[in-house]
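Nothing here was measured: the structure is a model prediction, and the numbers come from that model. This chain uses plain numbering: 1 for the first residue, then up along the sequence.
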Amino acid sequence: MPQADRWLSVAESAKLSGYNPEYIRRLIRSGKIKARKFVTVWQVDRLSLISHLRESKKAGRGPRFAGS
């Protein structure tokens with residue numbers, strides 16, 4: 001995976017996951033997903049987010065999508 005594709009903004013992470021952006025920030029603060037801060041902007045590690053989504057789905061948690 002190219003380095004540029006590895007990091008997502010909070011807004012992109014929310015769109016990809018179906019979570020609210022504030023919930024993404026909460027996951028960052030709690031250490032449940034990896035992220036780094038560039039001045040005032042958080043960037044989320046794509047693989048960390050995908051891993052979290054898979055684990056949440058296995059546990060029966062996570063966003064609910066139409067048709068899923």
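- Remark: Gln43 CD to Arg6 CZ distance equals 11.5 Å, nearest 0.5 Å.
- In this structure, the separation between CG on Asn20 and CZ on Arg25 is 8.0 Å, given to the nearest 0.5 Å.
- Here Ser17 contributes atom OG and Ile24 contributes atom CD1; the two are 3.5 Å apart, rounded to the nearest 0.5 Å.
- Between Leu27 and Tyr19 the shortest side-chain heavy-atom distance falls below 4.5 Å.
- Atom NZ of Lys37 has more than 12 neighbouring heavy atoms from other residues, nucleotides or ligands inside a 6.0 Å radius.
- Between Pro21 and Val10 the shortest heavy-atom distance is O-CG1, 3.6 Å.
- Judged purely by atom type and a 3.5 angstrom limit, Ser51 has no side-chain atom pairing as donor or acceptor with the backbone of Leu47.
- Of the charged side-chain nitrogens involved, at least one lies within less than 4.0 Å of a carboxylate oxygen, so that Lys58 and Glu55 count as a salt-bridged pair.
- By the 4.5 Å heavy-atom criterion applied to side chains, Ile33 and Asp45 are not counted as neighbours.
- With sequence neighbours excluded, the residues forming a salt bridge (charged side-chain N to carboxylate O under 4.0 Å, His left out) with Arg29 are Glu22, listed by chain and number.
- A distance of 4.5 Å separates CZ in Arg36 from CH2 in Trp7, rounded to the nearest 0.5 Å.
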